[in-house]
Amino acid sequence: MGDKVYYITTPIYYVNDAPHIGHFSTTVAADVLARFQRLRGREVLFATGTDEHAPKVAEAARQRGKEPQQFVDEIVQTYLQTWQETHIDYDDFVRTSEPRHKAVVTAAFERLRERGDIYRGIYEGWYCVPDETFWQESELIEGRCPNPECRRPVQKVQEENWFFRLSAYQDRLLEYYEAHPEVLQPDFRRNEVLSFIRSGLRDASITRSAYGWGIPVPDDPSKVIYVWFDALLNYITVAGYLQDEAKLRDVWPADVHLMAKDIFVRFHATLWPAILMGLELPLPRRLFAHGFWTVDGEKISKSKGNAINPRQLAAEVAERSGSSYDVVVDALRFFIFREVPFGLDGDFSTTGFVHRFNSDLANDLGNLVNRSISMLHRYYEGVVPAATPDPALVALAEPLVRDLPAALEELRFHQALDLIWGFISALNKYVDEQAPWRLAREERREELARVMYSVLDGVRLVAVAISPFMPVAAGEIWRQLGMPTPLAAQRWDEAMRPGGLPAATVTATAEPIFRRIEEKRRPAKEKPVAETTPAPAEKPAEPAQPTITFDEFQRLDLRVARIEAAERIPGANKLLKLTVNTGTDTRTVVAGIALWYAPEELVGRKVVLVCNLAPAKIRGVESQGMLLAADTEGRAVLLQPEQDVPVGSKVR
RNA sequence: GGCGGAGUAGCUCAGUGGUUAGAGCACACGGCUCAUACCCGUGGCGUCGUCAGUUCGACUCUGACCUCCGCUACCA
């Protein structure tokens, strides 16, 4: 039994995606926290991993003629390599296909089933294959998947499944969060969780028909366990659940689960704590949801191919800069927290990165290191003189030394970097005001020694403070300073005490670490760095929609109709009530297009109508048919005949 | 529509019931010369979203409204 180990996790990443800047930010955040806690002397367990059980994965493997296991083994290499090459120092990497994890999932399932939290039921609903998601009838949009990125047809399914009694935990979850509001972070997301839970939790179907991949349901080989139930349990697999009770006691509960905002409310803040309650395990101390990155103002999307691959970007920038690849990787780690407060959305642009690289790293930090060590060589042949640090400068370091721990403890990375850069600025200003070159000229040796010592000791503090963010660059500063003990062996409380730079330390020759990048004017249509991770990381093709026969197609009664009248439906902001003439009758149709079409511009327009769609009541209005519209980035664009044709014309 | 949040300098944002509202970046000018053409300093006539109210006094409190964002409902 030791002290509580600081346990931090990233989500386990879905092997269907190649790692991009989104995964990178989550993982770097965890890495920075882990390094910082180690620096503070705490024992740390930092875990990441991969989520491998999903129908899409099995399908992609099959398309390549591979066994799923072989397929994922290959893809996992991309993650391992990416983390290695971006200085991610995790302690454990968990894969859901590992035996240790399968054992945990199986046992957790059995335990919950024994206590009645998992029961057998009939699931009836609509399933979107590509999204692997079940939907309620009422959630569908025009009979299709409601996910705006998907909108593909869904299949009606009715099957027996196992359900987790999530509804039974509604009150306990609310009580828990009311008593422990600090668990849900950032605070502005707290209400989203509470209102989601208050709106009523439904039991969750946590199994699927077996498809030859995944973890089988104990005693029911016809089913496998649904990926979300499977994946969330990775957090206790790593903690030693069922395998190492002593470790579990030291490690669990997690101190921080980090994730992007899309999987916060439903999964990490609702399903996961409920499962833990069912297993009678303590809940995580903090759930932190960060924002999304856009790239040059646009959402990251596979179709745009604008995902930023951190390794590739770093390699390209290193090429332009002349700095080493590892230093540029560190710069990228720095950038994602310097640019945007962690938790909010941010925009990534290469020009923004280059800009920060030049001003914050090359000019402010790099040049500070360079000018101070260069002067030491000029005035002292590179050997640190004996002196006490200038109290004025010590005072300037005070906010950094005092406030940085709390900033990082509370995941305020942005503020942490502000503190560090505030001190860097103070050091540059100090050099300017003290003007060591003048002291040297005027032979004021004692003052010169104190100034030089103080500045270099300040640089040492900066190196320690930035080391969780930029371990390689910090190590390089450390090396140039000639520090006798390794950076990795430093402990915060001691290392951040001013005056820790030993007299007579022999510094190395000053060499620029961050080399400025020439911002040459590039063609206006410069493309962002595209994802080009080599195979095997390529994304498997999306499964094609199931084909339908010509006869099935013929069952659709599509006709050209004219809109005779249009009005808004009160209380709904997307809906219009339309009166349309189909040639044989006049009927009412409700269409969800009010955001893009004003009622008056629709009257008289010819559109394509699905005439034999079963009527449905929407907002109290019976809709007898549906307008065809193209779906583009969540917008609806009405289809209309390219030439004028009579109302009632058949469309086929 | 419901719930929540935000609207402050060209940009990104900080901020407090009370004399002249701040930071960084960008821009302009000046200084220095150790250094990676760097660093340091100086400079902005900003109606602190709109309108009303509370108050001796509001950018900071209250109400209404406008705009944007998030969650949520509607999406045949």
Side-chain angles (χ1 to χ4, degrees), chain A residues 137-144 146 148 151 186-196 198-199 261 264-266 289 291-292 321-323 338-341 344-347 352 355-356 358-379 414-415 418 421-422 424-441 448 451-452 455 510-517 569-576 589-595 609-610 612-629 631 634 636:
Chain A
E137 177 99 22
S138 64
E139 289 176 308
L140 300 183
I141 298 180
E142 293 156 16
R144 285 160 170 266
R151 292 291 158 83
D187 55 6
F188 61 83
R189 298 233 171 262
R190 200 170 295 145
N191 281 337
E192 294 178 12
V193 173
L194 295 177
S195 61
F196 173 72
R198 284 197 196 105
S199 75
K261 61 185 182 181
F264 180 64
V265 174
R266 284 160 198 266
F292 284 159
S321 151
S323 297
R338 178 65 163 163
E339 189 72 357
V340 174
L344 304 185
D345 292 347
D347 182 55
H355 198 249
R356 283 286 186 189
N358 282 344
S359 60
D360 289 352
L361 296 176
N363 293 351
D364 292 351
L365 172 58
N367 187 51
L368 170 69
V369 174
N370 194 251
R371 69 196 301 210
S372 51
I373 295 181
S374 296
M375 278 190 280
L376 191 73
H377 280 266
R378 175 175 295 222
Y379 306 133
H414 191 245
Q415 195 199 352
D418 258 357
W421 256 258
I424 290 171
S425 290
L427 282 166
N428 272 321
K429 186 172 177 176
Y430 180 81
V431 170
D432 199 63
E433 284 169 353
Q434 300 299 319
W437 47 92
R438 198 178 60 235
L439 299 175
R441 238 183 295 140
L448 179 62
V451 168
M452 287 310 302
V455 170
E511 279 172 55
I513 298 169
F514 304 99
R515 294 174 186 272
R516 293 177 59 78
I517 301 163
I569 295 179
N573 61 0
K574 278 198 189 173
L575 301 183
L576 291 182
V589 171
V590 175
I593 57 172
L595 292 179
L609 184 74
V610 184
N612 60 340
L613 193 66
K617 237 186 190 179
I618 297 147
R619 280 274 156 170
V621 179
E622 176 154 289
S623 179
Q624 304 157 308
M626 164 180 166
L627 299 192
L628 294 191
D631 219 325

Which residues satisfy the side chain to side chain contact (heavy atoms under 4.5 Å, CB included) test with [X], sequence neighbours excluded?
X        : value
A/Arg515 : A/Ser321, A/Ser323, A/Pro512
A/Asn191 : A/Leu194
A/Phe188 : A/Pro186, A/Leu344

Exercise for the section: Using a 4.5 Å cut-off on heavy atoms from C-beta on, say whether the side chain of A/Val455 contacts that of A/Gln434. Expected result: no
Fill in the blank from the handout: Across all chains, not counting sequence neighbours, the salt bridge (charged side-chain N to carboxylate O under 4.0 Å, His left out) partners of A/Arg198 are A/Glu178
Pairwise [atom1] distance for [N] and [M], with rounding to whole Å:
N     : M     : atom1 : answer
B/A52 : B/G44 : P     : 31 Å
B/A35 : B/U19 : P     : 47 Å
B/G7  : B/G43 : P     : 27 Å
B/U60 : B/A6  : C1'   : 16 Å
B/G5  : B/U42 : C1'   : 38 Å
B/C59 : B/A21 : P     : 11 Å
B/C75 : B/U12 : C1'   : 36 Å
B/A14 : B/A9  : C1'   : 13 Å

Could you tell me the separation between the [atom1] atom of [X] and the [atom2] atom of [N], rounded to a whole number of Å?
X        : N     : atom1 : atom2 : result
A/Phe188 : B/G7  : CZ    : P     : 14 Å
A/Glu339 : B/G24 : CD    : C1'   : 11 Å
A/Asp345 : B/C68 : CG    : C1'   : 14 Å
A/Leu361 : B/C25 : CG    : C1'   : 15 Å
A/Trp437 : B/U33 : CH2   : C1'   : 7 Å
A/Asp418 : B/U12 : CG    : P     : 17 Å
A/Arg515 : B/A37 : CZ    : P     : 11 Å
A/Glu511 : B/A35 : CD    : P     : 16 Å

Contact class for [X] (heavy atom, under 4.0 Å): base, sugar-phosphate, or nothing?
X        : value
A/Arg441 : sugar-phosphate
A/Arg190 : nothing
A/Leu368 : nothing
A/Phe196 : nothing

Problem - Proximal nucleotide (of B/C34, B/G70, B/A35) relative to the A/Asn370 side chain - result: B/A35
Nearest-0.5 Å distance, [atom1] of residue [X] to [atom2] of residue [Y]:
X        : Y        : atom1 : atom2 : answer
A/Arg356 : A/Asp364 : CZ    : CG    : 10.0 Å
A/Asp360 : A/Ile424 : CG    : CD1   : 8.0 Å
A/Asp432 : A/Tyr430 : CG    : OH    : 12.5 Å
A/Asn363 : A/Asn370 : CG    : CG    : 11.5 Å

Exercise for the section: Please list every stem that involves RNA chain B, where a stem is a run of 3 or more consecutive Watson-Crick or G-U wobble pairs with both pairing distances under 3.5 Å. Expected result: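 In RNA chain B, stems of three or more pairs: B:1-7 with B:66-72, B:10-13 with B:22-25, B:27-31 with B:39-43, B:49-53 with B:61-65.
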Handout entry: Closest heavy-atom pair and its distance - A/Arg189, A/Lys261
Key = NH2-CD, 3.2 Å
Fill in the blank from the handout: Residue pair A/Arg338/A/Asn191 against RNA chain B: nearer the 5' end by closest nucleotide is A/Asn191
Handout entry: Upstream residue (5' side of RNA chain B) when A/Ser195 and A/His414 are each assigned their closest nucleotide
Key =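 Its nearest nucleotide lies further toward 5', so the answer is A/His414.
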For nucleotides 39-43 of chain B, which of its nitrogen or oxygen atoms have a protein nitrogen or oxygen under 3.5 Å away, and what is each distance?
residue: B/C39; atom: OP1; partner: A/Asp364; partner atom: OD1; Å: 2.9
residue: B/C39; atom: O2'; partner: A/Arg371; partner atom: NH1; Å: 3.2
residue: B/C40; atom: O4'; partner: A/Asp432; partner atom: OD2; Å: 3.2
residue: B/C40; atom: O2'; partner: A/Asp432; partner atom: OD2; Å: 3.2
residue: B/G41; atom: OP1; partner: A/Lys429; partner atom: NZ; Å: 3.1

Handout entry: Residue-phosphate contact under 4.0 Å: A/His355 side-chain N/O, B/A26 OP1/OP2
Key = yes
Practice task
Indicate whether OP1 or OP2 belonging to B/U72 is found under 4.0 Å from a side-chain N or O atom of A/Arg266.
Solution key: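 Checking A/Arg266 against B/U72: at least one side-chain N or O falls below 4.0 Å of OP1 or OP2.
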Handout entry: Donor-acceptor contact present, side-chain A/Asn358 to main-chain A/Arg516, <3.5 Å
Key = no
